[in-house]
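Note that this is a predicted model, so its numbers are computed, not measured. So you know, we letter chains A, B, ... as the sequences are listed, proteins then strands, and number each from 1.
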Amino acid sequence: MFGIIDCNNFYASCERAFNPNLEGKPIVVLSNNDGCVIARSNEAKALGIEMGTPAFQIATYAQSQGLIAFSSNYTLYGDISERVVAAIASMVERYEVYSIDECFVDLSGYEKITADVYEYAWMIQQRIRRWTGIPVSIGVAPTKTLAKVANRRAKKNPLLGGIVVLKHESEIRRALDGFDIGDLWGIGRKYVNKLKALGCEDALHLSQQREEWVRKIMTVQGVRLLKELQGFSCIELELVPDRKKAICCAKSFGEYTDNRETVSEALANYAATCAKKLRKEGSIANMLTVFITTNYYSLVDAQYSATKTIHLDKATNYTPDMIHQALKALGLIWKDGFKFKKVGCIVSGLQPEEFRQAQLFTDIDWEKEQAAMKALDTVNGWYGRDKVKVAAQGYKRDWKMIQERLSPCYTTRWKDLLTVKCK
DNA sequence: TCTGGGGTCCTAGGACCC
DNA sequence: TCTGGGGTCCTAGGACCC
């Protein structure tokens with residue numbers, strides 16, 4: 001049996017866990033630059049606030065509805081996520097961290113502890129709540145896809161206590177009957193349109209289609225989905241996370257800009273971040289892509305966006321090289337006179353650093369570079385991010401994002417630790 | 001009339017996920 | 001005025017190899 005453990009309204013719940021005053025109140029967490037809503041408490045959902053709603057559209061809700069908004073605090077959410085995983089790992093042997101707020105678990109063998117898999121799921125749920133303050137929903141079923149279906153039911157119906165087990169064929173059938181195909185794992189908007197146009201209305205109906213029919217519309221991934229809905233597990237638990245195949249760092253500017261210096265400085269920082277993430281993965285990149293874009297929502301500004309990929313002479317994760325190449329790529333696509341909204345850097349063609357192709361004449365550089373990067377990462381690890389950096393990364397940060405409602409880093413910064421008063 | 005068989009690598013585009 | 005960021009997988013087509 002597969003279980004999927006999904007944190008309820010995760011970012012909103014993280015904010016709440018450290019600020020009990022927020023209990024029962026409508027809260028939302030905003031995207032970078034405080035742009036749009038990316039998480040909502042149940043109370044905020046009840047106000048009709050949709051995922052992705054632009055922040056300015058709900059600006060008056062603070063006054064009229066008592067809505068409280070937060071800038072996103074990924075340092076906090078990342079740390080809480082790790083704690084949730086630690087709680088899970090203390091209770092199951094095999095698990096797969098699927099996203100920042102979801103974890104698949106293998107629940108086979110629960111019989112040794114409890115008579116009933118529901119009860120075991122309940123124990124996991126309680127422990128996570130007690131250890132982290134985060135409420136979770138758990139769906140259990142014979143396949144990952146069905147576990148997702150079960151989880152959705154658990155979330156939809158508060159009376160179920162946040163846990164749904166789909167074990168017998170009749171239970172699965174009942175769950176799929178009337179289940180919107182758009183809510184299935186692996187079916188997005190395009191497929192919903194296609195399938196509905198062909199008369200496929202709910203998940204039960206889809207699960208009864210012929211394999212060839214599904215393959216024609218949704219290729220082989222659709223066939224896997226079909227099998228999973230029928231109870232044949234096709235998507236295994238991935239216990240060891242794969243090495244990343246690409247790493248991307250890109251952000252919108254707090255204030256749109258036509259200034260090349262500002263854009264270059266931002267890009268240098270994103271390239272440096274890519275290099276740092278590469279080193280953390282133990283990988284090197286063979287290609288680097290830079291893209292810039294204006295604000296495509298604007299009806300009045302002139303629009304321009306461009307992408308440039310550079311194949312590197314030698315695969316690397318050396319920050320100065322990365323920045324140098326990124327700025328070179330930017331130079332090839334830069335155009336004056338446009339108000340840019342976003343710049344970004346993607347490194348791809350990644351390979352493990354240990355399989356690096358040595359250079360015939362200049363290979364001595366590699367060891368020097370790695371030593372320098374090790375020193376850089378160590379110093380910054382001790383004294384804080386970017387304490388030591390490349391000059392091109394600048395210090396003005398004119399391009400920084402807007403985060404007006406940022407909560408403290410309760411668990412990762414000494415001065416942000418909560419003080420508890422005892423009476 | 002008839003013109004082999006079996007592969008790899010790369011890229012762009014489309015779909016999806018959280 | 002104001003609309004996020006970071007990923008994965010699959011397919012088709014072109015270019016190339018022996």
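- Within the nucleic acid shown, Leu30(A) has no heavy atom closer than 4.0 Å to any nucleic acid atom.
- Rounded to whole angstrom, the span from the CD atom of Gln403(A) across to the P atom of dG4(C) amounts to 15 Å.
- For the pair Ile235(A) CD1 and dC16(B) P, the interatomic distance rounds to 15 Å; values are reported in whole Å.
- Considering only the side chain of Lys245(A), dT8(C) comes nearest among dC17(B), dT8(C), dC2(C).
- The side chain of Phe56(A) lies closest to dC2(C), out of dC2(C), dT8(C), dG7(C).
- Across the C1' atoms, dC17(C) and dG4(B) are found 15 Å apart, a figure rounded to whole Å.
- For Tyr296(A), taking side-chain heavy atoms from C-beta onward, the closest of the listed nucleotides dT8(C), dT11(C), dG4(C) is dG4(C).
- When each of dG6(C), dG4(C), dA15(B) is scored by its nearest atom to the side-chain atoms of Tyr74(A), the top-ranked nucleotide is dG4(C).
- Under 4.0 angstrom from either OP1 or OP2 of dT8(C) there lies no side-chain N or O belonging to Lys244(A).
- Ranking dC9(C), dC17(B), dG4(C) by closeness to the Asn32(A) side chain, first place goes to dG4(C).
- Looking at heavy-atom distances under 4.0 Å, Gln57(A) makes no contact with the nucleic acid at all.
- Taking side-chain N and O atoms only, Lys251(A) has a distance below 4.0 Å to OP1 or OP2 of dG6(C).
- Comparing dG4(C), dC10(C), dC2(C) by their nearest atom to the side chain of Lys341(A) picks out dG4(C).
- Asp101(A) comes within 4.0 angstrom of the backbone, heavy atoms only, and of no base.
- Per the geometry, CZ belonging to Arg405(A) stands 12 Å off C1' belonging to dC2(C), to the nearest Å.
- Within 6.0 Å of atom OH in Tyr74(A), more than 12 heavy atoms from other residues, nucleotides or ligands are found, so the atom counts as buried in its surroundings.
- Phe253(A) places its CZ atom 13 Å from the P atom of dT3(C), with the value rounded to the nearest Å.
- When heavy atoms are screened at a 4.0 angstrom cut-off, Ile247(A) is found touching the sugar-phosphate backbone but no base atom.
- Atom OH in Tyr11(A) sits roughly 11 Å away from atom P in dG6(C) (whole-Å rounding).
- Between the P atom of dG14(B) and the CZ atom of Arg189(A) lies a distance of 15 Å, rounded to the nearest Å.
- Using a 4.0 Å heavy-atom cutoff across all strands shown, Ala250(A) reaches sugar-phosphate atoms only and no base atom.
- Picking from dT8(C), dT3(C), dG4(C) the nucleotide with the shortest atom distance to the side chain of Asn295(A) gives dT3(C).
- For the atom pair Ile80(A) CD1 and Tyr11(A) OH, the distance stands at 12.5 Å (nearest 0.5 Å).
- Residue Tyr191(A) has its side chain nearest to dA15(B) when only dG5(C), dG4(C), dA15(B) are considered.
- One finds a side-chain N or O of Ser252(A) lying less than 4.0 angstrom from the OP1 or OP2 phosphate oxygen of dG5(C).
- Between Trp185(A) and Phe104(A), the ring planes lie tilted relative to each other; the angle falls in the 30° to 60° range.
- Proximity of Lys148(A) to the phosphate of dC17(B): no side-chain N or O atom is located under 4.0 Å from OP1 or OP2.
- Residues Thr219(A) and Cys249(A) both approach DNA chain C. Their nearest nucleotides, taken by heavy-atom distance, put Cys249(A) toward the 5′ side.
- Not a single donor-acceptor pair under 3.5 Å links the side chain of Ser31(A) to the backbone N or O of Asp34(A).
- Under a 3.5 Å cut-off, the side chain of Glu96(A) and the backbone N or O of Glu238(A) do form a donor-acceptor pair.
- Within the nucleic acid shown, Ala246(A) comes within 4.0 Å of sugar-phosphate atoms alone, with no base atom in reach, counting heavy atoms only.
- Rounded to an integer number of Å, the gap from CD of Gln221(A) to P of dT11(C) is 7 Å.
- Met51(A) places its CE atom 13 Å from the P atom of dG4(C), with the value rounded to the nearest Å.
- Counting non-hydrogen atoms under 4.0 angstrom, Leu184(A) reaches the backbone sugars and phosphates but no base.
- At the phosphate of dC9(C), neither OP1 nor OP2 sits under 4.0 Å from any side-chain N or O atom of Arg224(A).
- A sub-4.0 Å separation between OP1 or OP2 of dA15(B) and a side-chain N or O of Lys190(A) is present.
- Side chains of Asp301(A) and Ser298(A): a donor on one and an acceptor on the other come within 3.5 Å.
- Toward the 5' end of DNA chain C, the nearer of the two residues Arg243(A) and Met401(A), judged by each one's closest nucleotide, is Met401(A).
- A donor-acceptor pair is defined here as one N or O able to donate and one able to accept, closer than 3.5 Å; no such pair exists between the side chain of Asp258(A) and the backbone of Gly337(A).
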